[in-house]
Amino acid sequence: MADSISLVLQPRASLGRKNGPLRRMGITPVHLYGHGIESRSLQCDNKALVQTLVAAGRATPVSITINGEE
């Protein structure tokens, strides 16, 4: 089992009800938020997201990379 798994996300410009076309193109809208971090609207390839969630299971941390940021 790996110590951490990585997931690459891209910034998302479309918000709200405009996410339907993204989903039809196989892109999942993601909203990243938490204590001490800025809330961000992001997107991820659907297949990559599912593969990451399956590989991580319930106990493995997932590292998020946004346009080269950690």
- Note on the structure: Gln10 meets the side-chain contact (heavy atoms from CB on, under 4.5 Å) criterion, sequence neighbours left out, with Val8, Gln43
Hphob cluster co-occupancy, [X] + [Y], side-chain heavy atoms under 4.5 angstrom:
{"X": "Tyr33", "Y": "Ile66", "value": "no"}
{"X": "Val30", "Y": "Val50", "value": "no"}
{"X": "Val62", "Y": "Val54", "value": "no"}

- Message: Using a 4.5 Å cut-off between side-chain heavy atoms of Ile, Leu, Val, Met, Phe, Trp and Tyr, which other residues end up in the same hydrophobic cluster as Ile27?
- Response: Leu22, Met25
To check you understand the geometry: which heavy-atom pair defines the closest contact between [X] and [Y], and what is its length?
{"X": "Ser41", "Y": "Leu15", "value": "OG-CD2, 3.3 Å"}
{"X": "Arg12", "Y": "Leu42", "value": "NE-O, 2.8 Å"}
{"X": "Leu7", "Y": "Ala48", "value": "CD1-O, 4.1 Å"}
{"X": "Thr52", "Y": "Ser6", "value": "OG1-O, 4.1 Å"}
{"X": "Asp45", "Y": "Gly26", "value": "OD1-O, 3.6 Å"}

- Task: Indicate yes or no: at least one non-hydrogen side-chain atom of Thr65 is less than 4.5 angstrom from one of Leu9.
- Result: no
- With Arg23, which residues qualify under side-chain hydrogen bond (donor to acceptor under 3.5 Å, both in side chains), at least two apart? none
- Item | Nearest-0.5 Å distance that lies between atom NZ in Lys47 and atom OG1 in Thr28 | 12.0 Å
